[in-house]
Protein chains: 2
Amino acid sequence: MPRPRQPRLTRQLIVETATAVIDAEGLPAFSTRRLAAELGVRGPSLYNHFATKDEILDAVADTVTGAVDTSGFASRDWAAALRDWAWSYRRALTAHPNIVPYLAQGPGRRPAGLAMADAVYGGLVRAGWPPARATHIGAALRYFVAGSALGSFARGFVEDPELYAAHYPHLRQAHRLAEHQQSVDEGAFALGLDALLHGLAAEYDRTVGPLDPVESARPSG
Amino acid sequence: MPRPRQPRLTRQLIVETATAVIDAEGLPAFSTRRLAAELGVRGPSLYNHFATKDEILDAVADTVTGAVDTSGFASRDWAAALRDWAWSYRRALTAHPNIVPYLAQGPGRRPAGLAMADAVYGGLVRAGWPPARATHIGAALRYFVAGSALGSFARGFVEDPELYAAHYPHLRQAHRLAEHQQSVDEGAFALGLDALLHGLAAEYDRTVGPLDPVESARPSG
DNA sequence: CCCTTAAACTAGCGGTGTAAGTTTTGCCGC
DNA sequence: GCGGCAAAACTTACACCGCTAGTTTAAGGG
């Protein structure tokens with residue numbers, strides 16, 4: 001089959017379909033031939049639109065990251081902005097958990113990931129955090145969000161009561177974690193995020209706040 | 001070549017060599033044939049000792065997890081134990097960063113991972129945390145540690161000054177992150193862990209401490 | 001000493017990413 | 001209108017992947 005009258009593939013269609021395949025069947029099941037089949041096409045045709053498989057994965061990852069909202073850094077105080085951002089980030093990743101192991105390796109050259117890092121870092125510096133501190137805070141929050149989306153804590157435990165009863169006395173109820181997966185994971189995230197922000201606020205008051213307490217509430221800078 | 005006078009493979013040797021290959025060349029480069037070549041053997045011979053490739057990876061992951069020290073939960077107060085554990089956990093993972101994406105998906109049936117979860121959860125409950133809270137805290141710390149080991153924040157940025165200068169005004173210095181990778185990642189981890197523990201201590205004082213403030217310092221329960 | 005089992009082998013299946021070359025179509029300049 | 005070029009699909013092929021099946025030989029127990 002030669003060139004069709006109307007192109008059957010576009011970058012956008014490929015990315016959308018790739019996302020659907022990864023969401024439905026996981027990263028290991030995602031192959032160029034599998035994706036092409038889903039698009040009614042043969043594997044190599046994809047290479048008319050992307051140079052490598054990784055380039056497709058990068059596009060998927062960037063689309064996912066693009067859904068993260070960092071607008072709080074322009075309008076709210078740093079702590080509220082961090083909280084909003086972290087939740088938005090988590091929602092974006094948990095909506096497509098199977099791509100997270102790929103995405104979490106770093107922003108690389110993906111524009112959405114870099115724009116996000118830029119917004120967070122800029123917002124923290126504007127609020128008065130020293131640049132090195134701002135880097136650390138952005139990284140720490142990223143660790144937490146990526147870790148929470150990567151391995152759903154609850155899903156990671158096997159549903160086999162006997163396994164725990166035999167050897168792990170404190171984990172007798174662990175086989176029930178899967179039932180409450182979402183509430184366990186979200187509860188852990190909420191608790192951890194609150195604790196993190198609480199600790200950061202204390203640090204801020206101790207080191208930054210006294211110098212110019214008003215600055216942190218002003219959006220522009 | 002038939003059965004040799006002295007077996008050339010043992011489970012331990014396979015796991016050690018697999019760890020070395022993964023450390024040196026990354027997860028994608030790790031194949032059964034590659035591993036077998038390193039052992040002076042043909043790929044399928046491995047299947048005399050392990051049923052699947054994943055079983056080898058599980059063994060590697062479990063060995064890494066086995067290096068984590070949870071002894072603090074038996075001798076120190078909960079906050080100090082958490083801190084010691086988190087650092088030990090981080091050291092174990094960053095010593096073998098390439099296996100982290102596999103390992104972080106959950107403990108599954110791996111004994112070392114389950115023993116670790118058991119020790120942490122048991123220690124927190126013994127300190128007076130309500131069971132649901134103990135689960136959340138263990139999960140939150142795991143998120144943070146796994147995230148920090150997974151995507152080294154600093155290494156994730158490309159060393160290309162022009163990329164940042166052109167489009168991401170606040171990241172002008174980002175290309176230099178790689179130079180200071182270790183200090184950036186460790187600084188971010190230290191800051192985040194301190195903030196987390198600070199916030200948890202406040203929560204503890206608010207909800208658990210008043211009931212039986214002495215209990216938390218006693219190791220036995 | 002035989003016989004079972006262990007531990008290596010070879011051969012091969014179906015799958016992978018991707019390079020190379022082919023074919024047909026759409027479109028642009030003459 | 002038409003020649004020619006680029007685009008977008010195709011087929012073929014290569015080297016590698018995890019893993020199965022069956023074979024060979026040595027080790028070790030009855």
Side-chain angles (χ1 to χ4, degrees), chain A residues 1-62 98-99 101-103 105 108, chain B residues 1-62 98-99 101-103 105 108-110:
Chain A
M1 190 183 300
R3 178 180 188 187
R5 286 135 206 270
Q6 192 139 2
R8 299 203 235 172
L9 302 179
T10 63
R11 284 180 68 100
Q12 191 193 341
L13 182 59
I14 291 171
V15 170
E16 284 170 5
T17 309
T19 305
V21 170
I22 292 170
D23 284 348
E25 308 179 19
L27 254 197
F30 174 72
S31 73
T32 55
R33 286 171 170 86
R34 174 77 188 79
L35 171 59
E38 201 72 23
L39 289 158
V41 127
R42 302 302 166 95
S45 299
L46 298 169
Y47 289 85
N48 287 311
H49 303 267
F50 289 92
T52 65
K53 183 190 183 187
D54 273 4
E55 212 175 81
I56 301 177
L57 285 170
D58 275 334
V60 171
D62 208 51
N98 293 335
I99 192 69
Y102 183 87
L103 182 150
Q105 316 258 47
Chain B
M1 191 182 300
R3 180 181 186 183
R5 283 132 208 274
Q6 194 140 357
R8 299 201 234 172
L9 301 180
T10 63
R11 284 180 66 99
Q12 191 193 340
L13 182 59
I14 291 171
V15 170
E16 285 169 6
T17 309
T19 305
V21 170
I22 292 170
D23 284 348
E25 308 179 20
L27 254 198
F30 173 73
S31 73
T32 56
R33 286 170 169 89
R34 175 76 188 81
L35 170 60
E38 201 72 22
L39 288 159
V41 125
R42 302 303 165 97
S45 299
L46 297 169
Y47 289 85
N48 287 311
H49 303 267
F50 289 91
T52 64
K53 183 191 183 185
D54 273 5
E55 213 175 81
I56 301 177
L57 285 170
D58 275 334
V60 171
D62 209 50
N98 293 336
I99 191 69
Y102 183 86
L103 182 151
Q105 315 258 46
R109 324 185 80 95
R110 298 195 292 270

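Below, chains carry the letters A, B, ... as their sequence lines are ordered, and counting in each starts from 1.
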Within the 4.5 Å heavy-atom criterion, are [X] and [Y] side-chain neighbours or not?
X	Y	answer
Val21(A)	Arg34(A)	yes
Arg33(B)	Arg42(B)	no
Ile14(B)	Thr10(B)	no
Tyr102(A)	Ile22(A)	no
Leu57(B)	Phe30(B)	yes

Between dA6(C) and Asn48(B), counting only base atoms on the nucleotide and side-chain atoms on the residue, is there a donor-acceptor pair under 3.5 Å?
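Donor-acceptor pair under 3.5 Å: no.
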Glu55(B) atom CD, neighbour heavy-atom count above 12 within 6.0 Å:
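Count over threshold, so yes.
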Rounded at 0.5 Å granularity, tell me how far CG in Asp62(B) sits from CZ in Arg109(B).
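Here the interatomic distance stands at 13.0 Å.
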Calculate the interatomic distance between [X] atom [atom1] and [N] atom [atom2]; express it in whole Å.
X	N	atom1	atom2	value
Glu25(B)	dC17(D)	CD	C1'	16 Å
Phe50(B)	dT20(D)	CZ	C1'	19 Å
Leu39(A)	dA9(D)	CG	P	10 Å
Leu9(B)	dA27(D)	CG	P	16 Å
Leu35(B)	dC19(D)	CG	P	12 Å
Ile14(A)	dA9(D)	CD1	C1'	12 Å
Glu55(B)	dG18(D)	CD	P	15 Å

Under 4.0 Å: is that the gap between some side-chain N or O of [X] and OP1 or OP2 of [N]?
X	N	answer
Ser45(B)	dA7(C)	no
Arg42(B)	dT10(C)	yes
His49(B)	dA8(C)	yes

What pairs of nitrogen or oxygen atoms, one from the protein and one from nucleotides 14-17 of chain C, lie under 3.5 Å apart?
unit_1  : atom_1 : unit_2   : atom_2 : d
dT16(C) : OP1    : Ser31(A) : OG     : 2.9
dG17(C) : OP1    : Thr32(A) : N      : 3.1
dG17(C) : OP1    : Lys53(A) : NZ     : 3.0
dG17(C) : OP2    : Thr32(A) : N      : 2.7
dG17(C) : OP2    : Thr32(A) : OG1    : 2.6
dG17(C) : N7     : Arg33(A) : NH1    : 2.6
dG17(C) : O6     : Arg33(A) : NH2    : 3.0

